[in-house]
Amino acid sequence: MATVEFVEGQHATEQVVAHALWMTTGLSCDGDSVAMTSATNPSLEDIVRGIIPGMPKLVIHHPVIAYENGADFMQAWFDAEEGKLDPFVLLVEGSIPNEEINGEGHWAAMGQDPVTGQPITTNEWVDRLAPKAAAVVAVGTCATYGGIPAMKNNPTGAMGLPDYLGWNWKSNIGVPIVCIPGCPAQPDNMTETILYLAMMLAGHAPLIELDDCLRPKWLFERTVHESCNRAAFYEHGDFATEYGSDYRCLVKLGCKGPVVKCNVPVRGWVNGIGGCPNVGGICMACTMPGFPDKYMPFMDEAANAKLSSNAAKFTYGPILKFFRKQSIELVYDKEPEWRKPGPSLNSGYTPRW
Ligand code: SF4
Ligand code: SF4
Ligand code: SF4
C-alpha cells in the first residue's frame, strides 16, 4: 500500500470530542449492529460511557442506541456535512448499491432532503461525508467487499466501500478505508477498532496498520486453521464425516478454515466463548473478499483441501497419531522414576516416615 501522510498527534488535545456516525443503510441486514451489542472487550457500553482510561470522549450516532429519532436523529448527519462535528468517523454497514441502475427509484436511502422532500441515498451520504471524515470504516463483509448482496447476477450492482471510493482512497488526515469484515463482524473486532481509531484521533496511538485488503493487521493476520482447536486432528488425518463431532476436524464437511483470515477461533464470539469450528460449525469464509461466491457450495470439501487432507489421512497422519499416543502412554503420562516411593528412590533423599 502507498505511504500515508498521517501526522501522529495532529489532533492531540485534551478536549478531543470525536463523533462516530454509523449508517446501517447500505444493503444490510443490520447483523453487525446486533452483533456489536454483545461485545465485551471492550463493550459498547464502556465505549459509550467513555470509562476506558485515556480514551477521548466519543459520541456515537447509531440508530440502535440513539434516543433521538426521525429528523432529530438525522441532524448529526447534516451537522457533519456542515463541518460542525469535527473530527468524525463515518462507519458504513451494508454494501453500496449502484444507483445508476436503479430504474426510477432508489436502492438505499436515509433521511430526506429538507428542500425537495426526496430520500437522500446512502451513496449520496457517502459522497457528502467521506471527504470530511477523519476516517471511514466499512463494517461487515457487505460494506467491505460487497458480501451476499454482491453475489453474481445480483440486480443492484452492489459493492464494498473500497470498490465505491477506490482502494487507494484516504481521509482528509491520510487514513485509508478501514475494513472490518465478517458476516457479521466479530463483536470485539468492531469495538476494538473503534476504540483504536478514537485513540488515534486523540494522538494516543499511531496510524492504524492495515493489510492489503485494508483489514487491521493485528486482527486478521492469522488463518482460522492456524488458531483452530481442531487443528491437531487435521494433522492426524482424523476427520468428522457427519455433524456432531466434538473434536474431529471438519474439513470433509466443508470447512474452509485453512485459507481464511479470521481471528474468531482464537477470540471466540462472546467474551471468549464460541467461535465457529471450535464449537462444531464449519468456517464458511465470511470474512473474505471472495465470500460467498468463491466458497460455494459451503458444505462440500474444497477441491484444494482434498489433496492435503487425504495425504494426512492416508500417509503420515495415522503414523504421527500412533507414535504420539505411544509416547504419551509409555513416557509422558508417567512420573519420573525418582519420585516413586520404595527402594528404587534414587534422588539421594531418605524418607523418614
Ligand atoms: Fe448482514 Fe452479513 Fe451483510 Fe453484516 S455482512 S450486513 S451481518 S449480511
Ligand atoms: Fe482447519 Fe477447519 Fe479442521 Fe479447524 S475444522 S482444523 S479450521 S479445517
Ligand atoms: Fe466467518 Fe469462518 Fe471466521 Fe466463522 S471462522 S466468523 S465462518 S470467517
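Order of appearance sets the numbers: ligands from 1, and atoms from 1 within every ligand. Side-chain atoms are counted along with the backbone in the values below, which use heavy atoms only and exclude waters and symmetry mates. This is a predicted model, so every value here is computed, not measured.
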Using a strict 4.0 Å cut-off to heavy atoms of [X], name the atoms of ligand 3 that fall inside it.
X	result
M284	2 (Fe), 7 (S)
T287	8 (S)
V264	3 (Fe), 6 (S)
V260	8 (S)
C276	4 (Fe), 5 (S), 6 (S), 7 (S)

Next on the checklist: Between S245 and R248 (side chain of the first, backbone of the second, donor and acceptor by atom type, cut-off under 3.5 Å), is there such a pair?
Outcome noted: yes
Checklist entry - Is a side-chain donor or acceptor of E99 paired with a backbone partner of H106 at a separation under 3.5 angstrom? => result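 A pair under 3.5 Å: no.
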Next on the checklist: In this structure, does ligand 2 have an atom that sits under 4.0 Å from one of the heavy atoms of P258?
Outcome noted: yes
Which residue and atom name correspond to the protein heavy atom nearest [atom], and how close is it?
atom	value
atom 2 (Fe) of ligand 2	C255 SG, 2.3 Å
atom 5 (S) of ligand 2	L250 N, 3.3 Å
atom 1 (Fe) of ligand 1	C29 SG, 2.3 Å
atom 4 (Fe) of ligand 2	C228 SG, 2.4 Å
atom 3 (Fe) of ligand 1	C142 SG, 2.2 Å

Checklist entry - Closest approach of L219 and R267, non-hydrogen atoms and distance? => result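 Taking every non-hydrogen atom into account, CD2-NH1, 3.6 Å.
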For ligand 1, which atoms have a heavy atom of [X] less than 4.0 angstrom away?
X	value
T141	5 (S)
P184	7 (S)
S28	6 (S)
D32	4 (Fe), 5 (S), 6 (S), 7 (S)

Checklist entry - Relative to the heavy atoms of V224, which atoms of ligand 2 are at a distance of less than 4.0 Å? => result 7 (S)
Checklist entry - If you count the atoms of ligand 2 from 1 in the order shown, which ones are under 4.0 Å from a heavy atom of A231? => result 6 (S)
Next on the checklist: Take a 6.0 Å sphere around CG of L330 and say whether it holds more than 12 heavy atoms from other residues, nucleotides or ligands.
Outcome noted: yes
Item to check | Intermediate values then yes/no, salt bridge (charged side-chain N to carboxylate O under 4.0 Å, His left out), K217 and D211 | outcome: CA-CA 5 Å; K217 239 183 184 167; D211 67 13; over 6 Å; no
Using a strict threshold of under 4.0 Å (side-chain N to carboxylate O), is an ion pair present between [Y] and [X]?
X	Y	value
E329	K325	yes
K256	E301	no
E242	K252	no

Checklist entry - Are N263 and R222 close enough that a side-chain donor and a side-chain acceptor fall under 3.5 Å? => result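 Per modelled atom types, N263 and R222 side chains form no pair under 3.5 Å.
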Checklist entry - Is there an N/O/S atom in H225 at a distance below 2.8 Å from atom 1 (Fe) of ligand 2? => result yes
Checklist entry - Is it true that G182 lies under 4.0 Å from ligand 1, counting heavy atoms only? => result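 Heavy atoms of G182 do come under 4.0 Å of ligand 1.
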